[in-house]
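Just so you know, these numbers come straight off a predicted model, no measurement behind them. A, B, ... follow the sequence lines: proteins, then strands. Residue 1 opens every chain.
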Amino acid sequence: MGKSNKLVLIDGNSIAYRAFFALPLLNNDKGVYTNAVYGFTQMLLKILEDEKPTHMLVAFDAGKTTFRHKTFGEYKGGRQKTPPELSEQFPFIRQLLDAFQIKRYELENYEADDIIGTLASHAADGDWDVKVFTGDKDLLQLVTPDVEVVLTRKGITEVEAYTVEQVNERYGITPDQIIDMKGLMGDPSDNIPGVPGVGEKTAIKLIKQFGSIEKVLDSIDGISGAKLKERLTENKDQALMSKELATITKEAPVEISLDETNYKGFENSLVFPLFKELGFNSLLERLGGDEEIPQETEKEELTYKNATSIEPDMLKSPSSLVVETLTEDYHKAKIHGFALSNESGTFYISSNLAEKSEDFKAWLEDENQKKKMFDAKRAHVALHGQGITLNGIEFDVQLASYLLNPSESLDDVADVAKQYGKLNVDANEAVYGKGAKKKLPEEDVLAEHLSRKAHTIFRLSDILAEKLKENEQSDLFYHLEMPLALVLAKMEEYGVKVKADTLQKMGTDLELQVTSLEKEIHDLAGVAFNINSPKQLGEILFEKLNLPAIKKTKTGYSTSVDVLEKLEGKHEIINKILIYRQLGKLKSTYIEGLLKVVKEDTGRIHTRFNQVLAQTGRLSSIDPNLQNIPIRLEAGRKIRHAFVASKPGWKILAADYSQIELRVLAHISQDENLIEAFKTEMDVHTKTAMDVFHVEEGEVTSEMRRHAKAVNFGIVYGISDYGLSQSLGITRKEAGEFIKSYLESFPGVQQYMKDSITDAKQNGYVSTLLHRRRYLPEINSRNFNLRSFAERTAMNTPIQGTAADIIKKAMVDMDQRLSEEKLEAKMLLTVHDELIFEVPEEELQKLEQIVCEVMEQAVELDVPLKVDVNWGDSWFEAK
DNA sequence: TCTCACACGC
DNA sequence: GACGTACGTGTGAGAT
């Protein structure tokens with residue numbers, strides 16, 4: 001022992017069987033049997049702990065027949081079928097190994113034994129210690145001075161290791177004589193016949209005396225006992241064949257090298273979710289996976305002070321700060337109280353007291369007084385509404401938590417606290433109620449709640465800061481997301497001017513059209529019904545008018561656009577319904593929806609950007625959503641006429657990144673072909689069409705370009721072949737061909753796709769250029785859908801997320817530049833790959849130049865970033 | 001108050 | 001070959 005490499009080889013099937021029969025039939029909360037998986041896991045953990053292997057592999061039997069069946073058709077005949085309760089557990093065992101990042105291997109026509117034998121012999125160069133774990137004594141034949149075989153005894157974790165000496169001690173023969181012994185005595189479990197009447201005792205005696213089967217058979221005359229002689233003579237061939245069957249081959253065509261079995265340990269982030277799914281709580285606990293699941297159900301006591309006056313001692317730096325607002329919309333929201341926590345203690349400050357204190361106000365505005373907060377943007381905007389400018393925001397627990405894991409829910413301090421095992425703060429909903437019943441509690445309840453929040457934020461901030469550092473996300477946090485929050489706050493507060501009368505006029509026009517369409521549709525149907533009700537519409541189309549129902553939903557007929565489009569031409573009513581839908585959508589969502597949120601006094605709309613929601617790192621926009629204002633169809637696009645500059649003589653300027661995702665893809669994948677396309681400023685869809693359809697530039701038809709564009713779209717959004725087939729109206733097979741052809745044309749992209757998945761499987765997450773993360777625990781799922789989805793996400797998120805990083809960076813830089821250059825122009829909106837400004841006419845040229853510069857230089861990629869700028873009197877004209 | 005089907009943008 | 005297919009937000013209908 002003590003060589004540089006330690007290889008552990010596990011006989012997967014054998015250990016799984018052992019575990020299955022050794023443990024009672026456990027099942028998890030979903031009714032799936034897990035006893036074999038559980039036992040297997042226990043065994044694995046013990047091996048990892050005891051052996052600390054540098055290399056590891058688990059071998060499985062593949063299929064039913066092996067090369068041994070050619071020698072003897074009845075090999076392993078008469079064996080009991082694997083119980084279904086066990087076979088259903090094998091997928092989990094594979095999933096388990098993947099989660100542990102342990103190599104597993106199976107080989108057509110060979111048994112696990114042969115894989116193990118072959119790899120063990122590959123390791124026989126003196127540099128390796130090998131340990132084989134199995135329940136099958138046959139494997140003892142593999143024992144050498146370098147190879148130990150460990151047999152399971154009772155249960156699963158009780159084992160017995162065999163060295164050469166121990167084999168000799170137990171059987172009195174050498175390990176390579178095991179096969180001779182087997183040849184003579186046979187093995188009923190594998191249906192190996194051997195020599196009738198010869199059992200273990202006789203076999204060992206003979207082998208000890210003569211050395212091997214061959215020598216025994218050569219020396220039959222010298223054997224004592226007439227009966228035994230006769231049997232040996234009669235079953236000569238059978239004995240030799242039995243030996244052959246019992247021999248584990250060391251020359252299986254194993255395609256895996258020892259290097260590839262290298263084992264670097266496992267990631268809790270991959271193993272814990274699976275343990276949770278399987279219900280292995282005790283194992284979770286053993287690995288420390290329950291650290292995040294607090295055991296105590298009682299809140300700890302918190303000492304806080306309900307301040308009656310603002311004392312200098314209370315206002316420390318750093319402090320955590322809670323600024324409580326209850327309405328979802330924080331613009332001009334009422335502030336119901338404050339709390340802060342710092343080295344002096346935790347204090348509740350009523351809004352009354354706060355309002356009267358100049359000291360407190362000064363502290364809030366002091367850049368040098370550092371504050372740790374939860375959702376600082378909300379507080380910042382709300383305070384601004386009271387004439388206070390919040391400065392010195394140092395840490396936002398909500399934002400930090402989002403970067404650490406965007407999939408966790410983080411509406412509330414309690415959500416984040418729970419993730420880090422802290423239970424000392426209640427959810428807002430528990431304190432205030434929800435919906436119509438939401439209300440302010442008694443002041444002492446409020447005081448305690450806010451104090452607890454402040455205290456928790458103070459404690460969490462250090463923990464989260466440390467984690468960000470570990471993840472190399474500090475830069476992303478401090479220099480991108482934190483400053484961005486304030487840029488967004490500014491944009492939200494400033495708002496965007498919308499001409500209500502323009503919307504109103506459009507609304508009146510639409511009203512007329514909708515009403516007349518409604519009448520025509522009712523006439524065609526022969527009955528009045530609610531066209532907006534998919535249920536009623538379905539009944540009319542597919543029952544009354546007997547049109548063919550193409551698709552069904554859970555609740556009835558589908559009446560979605562793609563269904564209706566297929567029915568166009570079959571009945572006059574279809575086209576009218578499509579137009580009715582389109583106009584109805586414009587009217588309700590965009591005209592009426594927007595009018596509802598225009599502030600009467602200012603004529604502006606103040607959306608809110610959610611910075612902690614989208615899994616890819618993008619921003620989202622609510623109340624209203626200004627990121628889905630129509631553009632594709634002319635009728636809808638007209639809505640943009642209503643979005644104008646807020647001052648006379650000012651213009652709207654829109655700057656959008658051209659093909660940012662594909663440029664990012666070119667950079668990340670380093671695909672030479674794609675990089676070249678962007679460096680030479682080719683039209684990327686045309687270029688794609690040329691490569692996919694193998695034609696020259698001049699031969700690209702608009703149909704080819706359309707298809708190429710859809711493929712690019714699919715690559716960027718991570719859609720499947722099915723998704724592509726739907727968007728192009730072609731078969732899935734054809735779509736698959738397109739994708740295949742695309743990947744052949746862009747081999748760097750293909751490699752990137754593969755690497756992304758491998759990356760995700762290995763780390764449990766994927767990352768963007770600026771180290772944004774997305775965890776994909778389902779990447780190793782045995783469920784095809786979940787796994788495929790995770791795989792597409794693994795390929796897509798680095799692209800979309802990096803694009804998000806870039807535009808966010810551009811926004812932060814742009815905000816800085818606008819003030820440095822003392823421009824009056826204002827950044828108003830961001831729509832994923834574009835920035836919208838309003839700008840005095842005289843600044844147009846300068847802004848255009850600065851915007852291009854800032855956006856194109858936001859990060860440096862191996863392909864140029866390109867920005868298109870347009871401006872006009874309204875958002876419609878800025879196209 | 002919730003879920004569903006649908007539709008808009010990137 | 002299965003399986004059911006980017007991310008968001010908002011609308012009206014209909015069941016609870």
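- Counting to the nearest Å, the P atom of C:dA6 and the CD atom of A:E791 are 15 Å from each other.
- Evaluation of atom-type donor-acceptor distances gives no pair under 3.5 Å for the side chain of A:R732 against the base of C:dG1.
- Cation-pi geometry between A:R94 and A:F60 is met: the NZ or CZ atom falls under 6.0 Å from the ring centre, inside 45° of the normal.
- Side-chain atoms of A:S720 come within donor-acceptor range of the base of C:dT5, with a qualifying N/O pair under 3.5 Å.
- What separates CZ of A:R608 from P of C:dG8 is a distance of 17 Å, to the nearest Å.
- Comparing C:dA6, B:dC6, C:dA13 by their closest approach to the side chain of A:N532 singles out C:dA13.
- For A:Y717, the side-chain atoms get nearest to B:dC10 when compared with the rest of C:dT9, B:dG9, B:dC10.
- The separation between A:I531 atom CD1 and B:dA7 atom P is 13 Å, rounded to whole Å.
- At B:dA5, one or more side-chain N or O atoms of A:T553 fall inside 4.0 Å of OP1 or OP2 (strictly under the cut-off).
- Counting heavy atoms of neighbouring residues, nucleotides and ligands inside a 6.0 Å radius, atom CD of A:E634 exceeds 12 of them.
- Across all strands shown, C:dA2 remains unpaired; no Watson-Crick or G-U wobble contact has both distances below 3.5 Å.
- Going from atom CG of A:L564 over to atom C1' of B:dA7 covers 12 Å, rounded to whole Å.
- In this structure, of B:dC10, C:dG10, B:dA5, it is B:dC10 that holds the atom nearest to the side chain of A:F713.
- Contact annotation: A:T559 reaches the phosphate of B:dC6 (side-chain N/O to OP1 or OP2, under 4.0 Å).
- Comparing B:dC10, C:dG10, C:dG8 by their nearest atom to the side chain of A:D623 picks out C:dG10.
- Spacing between atom OH of A:Y722 and atom P of C:dT5 amounts to 8 Å, rounded to whole angstrom units.
- Within 4.0 Å of A:G593, counting heavy atoms only, lie sugar-phosphate atoms of the nucleic acid but no base atom.
- Contact annotation for A:S621: backbone-only contact, meaning every heavy-atom pair under 4.0 Å involves sugar-phosphate atoms and none involves a base.
- Between the base of B:dC6 and the side chain of A:R581 there is no donor-acceptor pair shorter than 3.5 Å.
- Distances shown here put a side-chain N or O of A:S558 below 4.0 Å from the OP1 or OP2 atom of B:dC6.
- Counting only heavy atoms from C-beta on, A:R618 has its side chain closest to B:dC10 among B:dC6, B:dC10, C:dA6.
- Contact annotation: A:S533 reaches the phosphate of C:dG14 (side-chain N/O to OP1 or OP2, under 4.0 Å).
- If you take NZ of A:K551 and P of C:dT5, they are 10 Å apart, rounded to a whole angstrom.
- Among the heavy atoms of the strands, none lies under 4.0 Å from A:V716.
- No contact: A:N796 has no heavy atom under 4.0 Å from any strand.
- Using a 4.0 Å heavy-atom distance criterion, A:L613 is classed as a sugar-phosphate-only contact.
- Taking atom P in both C:dG4 and B:dA7, one finds a spacing of 22 Å when rounded to whole Å.
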Checklist entry - Stepwise, does the ring-ring contact (aromatic ring centres under 6.0 Å, His included) test hold for A:F746 with A:Y742? => result CA-CA 6 Å; A:F746 298 95; A:Y742 175 93; 4.7 Å; yes
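- An OP1 or OP2 oxygen of C:dT9 is reached within less than 4.0 angstrom by a side-chain nitrogen or oxygen of A:S620.
- Of the charged side-chain nitrogens involved, at least one lies within less than 4.0 Å of a carboxylate oxygen, so that A:E481 and A:K808 count as a salt-bridged pair.
- More than 12 heavy-atom neighbours from other residues, nucleotides or ligands sit within 6.0 angstrom of CD on A:E592.
- In this structure, A:F678 and A:P864 approach most closely via the heavy-atom pair O-CG, 4.1 Å.
- Counting non-hydrogen atoms under 4.0 angstrom, A:Q726 reaches nothing in the nucleic acid.
- Comparing B:dA7, C:dA15, C:dG10 against the side chain of A:K535 picks out C:dA15 as the nearest.
- Note: A:H707 and A:F738 have tilted aromatic rings, judged against thresholds of 30 and 60 degrees for the angle between ring planes.
- To the nearest angstrom, P of C:dT9 lies 13 Å from OH of A:Y590.
- The separation of C:dT5 from B:dC10, taken at their P atoms, amounts to 23 Å, rounded to a whole angstrom.
- Contact annotation: A:Q536 reaches the phosphate of C:dG14 (side-chain N/O to OP1 or OP2, under 4.0 Å).
- Listed pair A:R632 / B:dG9 meets the phosphate criterion, a side-chain N or O lying under 4.0 Å from OP1 or OP2.
- At a threshold of 4.0 angstrom between heavy atoms, the contacts of A:S788 with the nucleic acid are absent.
- A:E661 comes within 4.0 angstrom of nothing in the nucleic acid, heavy atoms only.
- Among the protein residues, A:N783 comes within range of no part of the nucleic acid, since none of its heavy atoms lies under 4.0 Å from any strand.
- Protein atom CD1 of A:I715 is 13 Å distant from nucleotide atom C1' of C:dA6, rounded to whole Å.
- Considering only side-chain atoms of A:N785, the nucleotide from B:dC4, C:dG10, C:dG4 that sits closest is C:dG4.
- If you check every strand for non-hydrogen atoms under 4.0 Å, A:N530 touches sugar and phosphate atoms only.
- For A:K554, taking side-chain heavy atoms from C-beta onward, the closest of the listed nucleotides B:dC6, B:dC4, C:dG14 is B:dC4.
- A cation-pi contact, defined as under 6.0 Å to the ring centre and within 45° of the axis, links A:R773 to A:Y765.
- Within the 4.0 Å cut-off from OP1 or OP2 of B:dC2, at least one side-chain nitrogen or oxygen of A:K434 is found.
- Of the candidates C:dT11, C:dG10, C:dA13, the closest approach to any side-chain atom of A:I622 belongs to C:dG10.
- When all heavy atoms are compared, the tightest approach of A:Y557 to A:E539 is CD1-N, 4.3 Å.
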